[in-house]
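Accompanying notes for the structure given below.
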Amino acid sequence: MSDRVAIVGVAQTRFAPKRPDVNYGEMAYETISQVLRQTNLALPDDIDNAISCSHDIWDGQTISNISITDVIGGHLRTEEKMALDGSTAVYYGAVGILSGEYSCTLLMAHTKMSQTNRNIVNNVAFDPIYSRMLGFDYTSAAALQARRYMYKYGITRAQIAEVVVKNLSNARFNPSAHQSGEISIADVLSSPVVAAPIHRLDIAPDTDGAVAVILASEERAKSITDKPVWLLGMGTSYDAHYLGDRDLADCRALQQAAERAYRMAGIRNPRRSADLAEVGDEFSYQELLWMEGLGLCDKGDAGRLVESGATAIGGKLPVNPSGGLLSGVPINVAGLNRVAEAVLQLRGEAGERQVKGAKIAIAQGHSGFCGQHQCVLVLGN
Amino acid sequence: MATKIQEPISIPMTVSVPYRFAAGSYLTKCLIGLRDHGTLFAVECPKCKRVQLPPRIVCATCHVRNERWVELGLEGTLVAFTIMYLPLTDPTTGKPHNPPFVYGTVRLDGATSVLDHFINVEPDLEKIRVGMRCRMILRPQAERIGDLSDILYFDPIPG
Ligand SMILES: [Zn+2]
């Protein structure tokens, strides 16, 4: 049985608003063929488990992994789907390796947001016998969460806009990003209001793409790469489904997931230990809220931190040096992209967005509206 | 006093989600051939030589990239069939297929995979048999749109 799990390879498509040229399988194969080449591994012999991440309602197909079993090596073999954010696929894959059953696992997440309508898809996440007929979607729920968070902790609209400014600026150095640029707080606040206080530029755009990652046991990892990135800690937690059961300004599930991950990693003070964090900024305010849930700052202090430049590349604790989801990463794929970006940082391969001397990175992913399910991974080189 | 029996509440809802599915480069090539030239192309695995329909990027068995295209015959052999009594719906039109009708699985000449479609035969067990030869019948070219409905059905070949 393996004591440690390593990430030995990562590959990503370029994220694009629309990929009409490829179907799910072809898009997935772009990353799978690339990660196999990179690690010099071959299917089926070198990979003994495969886990994909996609959603039936997004893909428009029951058992949405059907369309990718060929390319992921799931034909007459083990392949399982994680119908949560891609970060949880890492968690699930690692559990399989730690059990001793598998030694090398291929993970792949894919989504084409362009093929359907996010508001309708996300409305289906709401309880059909309760609030679904009110038309709620993730954006409207997020607007309630943003307002509650701003009210409770005095977070300002300008501080939230600063997240967009920082992330789109970081994305200029990310070749996978679908949007980037030097914009101002005024640009964010003059973009159309979608659901007050949320403006168009506060929302991660619709995008298509895939990410593939290979996990290996310690023994296998050492024969595959001389730059393994170790999964030091992991934790997941669910919060209440009904928004009425939660205080949306706090994220208990994230705090719990983070506590578990830090305990496993032997981290007592994440503010001191972490060199960077990649978090799921599906909406700009969430980057701040998740920083607090992750214990990277005090409650209500994240707004001040982003304003001070502490979370910029080159700051004390860079957050989303990749540009995050605001630069265009599909839902479901988002968490695996957080992990892939953290791995590039820890291997020193992040190009112009490299955080110098990065040794410990935190990757966070979430599923459901207002971050109902949370997954935290601690990675180290 | 008599208690009124309360009906349990259940809420009617139609979950209607619009999609537009990209066929991908392999199926696009196949469907354009069908639409514009009335041909049907499949891919042959360079390793195991399986001729696969629908054409796809990777042979699932060998995990090698498919690059060789082969043209299939428009005639084949019936491998399995059913007589349908349910009015199943065509999701692209929302209209039902009129029962009873026959679904069949046809192995086209030159293919390893089979193709499932309608068989233009009386829904009568005396008139259908496994092993029956069939011919693919296409819509007139002007009416073809580049999906599987460009194939109207398979006609049984007498004899
Ligand atoms: Zn083959």
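Here the structure is a predicted model, which is why all the values come from computation and not from measurement. Protein chains get the first letters and strands the later ones, always in sequence-line order, with residue 1 at the start of each.
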- Specify which of A:H75, A:Q115, A:K18 makes the most heavy-atom pairs with chain B at under 4.5 Å.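 Heavy-atom pairs under 4.5 Å are most numerous for A:Q115.
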- Item | When A:T69, A:V121, A:L76, A:D21 are compared by non-hydrogen pairs under 4.5 Å with chain B, the top option |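 Top option by heavy-atom pairs under 4.5 Å: A:D21.
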Rounded distance (nearest 0.5 Å) linking atom [atom1] of [X] with atom [atom2] of [Y]:
X	Y	atom1	atom2	value
A:I32	B:I57	CD1	CD1	10.0 Å
B:F21	A:T116	CZ	OG1	8.0 Å
A:K112	B:Y19	NZ	OH	14.0 Å
B:C62	A:D70	SG	CG	11.0 Å
B:S10	A:I129	OG	CD1	10.0 Å

So with a 6.0 Å cut-off around [atom1] of [X], is the heavy-atom count from everything else above 12?
X	atom1	answer
A:Y130	OH	no
A:N40	CG	no
A:L134	CG	yes
B:R135	CZ	no
B:L148	CG	yes

For [X], is it the side chain, the backbone, both or neither that has a heavy atom under 4.5 Å from a heavy atom of chain B?
X	result
A:I72	backbone
A:P128	both
A:R77	neither
A:L36	side chain
A:N123	neither
A:V124	side chain

- Neighbours of chain B found in residues 43-53 of chain A - heavy atoms under 4.5 Å: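 Result: A:L43.
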- Query: How far apart are the C-alpha atoms of B:R65 and A:Y29, what are their side-chain angles, what is the distance that settles it, and do they pass the side chain to side chain contact (heavy atoms under 4.5 Å, CB included) test?
  - Reply: CA-CA 10 Å; B:R65 195 181 168 117; A:Y29 189 66; 3.8 Å; yes
Between [X] (side chain only) and [Y] (backbone N and O only), is there a donor and an acceptor less than 3.5 Å apart?
X	Y	answer
B:S25	A:V22	no
B:H63	A:A42	no
A:E26	B:R56	no
A:N23	B:A22	no

- Message: So which residue, B:T61, B:T28, B:L27, B:I9, ends up with the most heavy-atom pairs under 4.5 Å with chain A?
- Response: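 So the answer, after comparing B:T61, B:T28, B:L27, B:I9, is B:T61.
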- So which part of B:V17 gets closer than 4.5 Å to some heavy atom of chain A, the side chain, the backbone, both or neither?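 When you check distances to chain A, atoms from both the backbone and side chain of B:V17 fall under 4.5 Å.
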- Test item: A:M133 and B:I11 side chains (from C-beta on) under 4.5 Å apart, heavy atoms: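 Touching, per the 4.5 Å side-chain cut-off.
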- Item | residues 83-120 of chain B: residues contacting chain A (heavy atom under 4.5 Å, by number) |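 Result: none.
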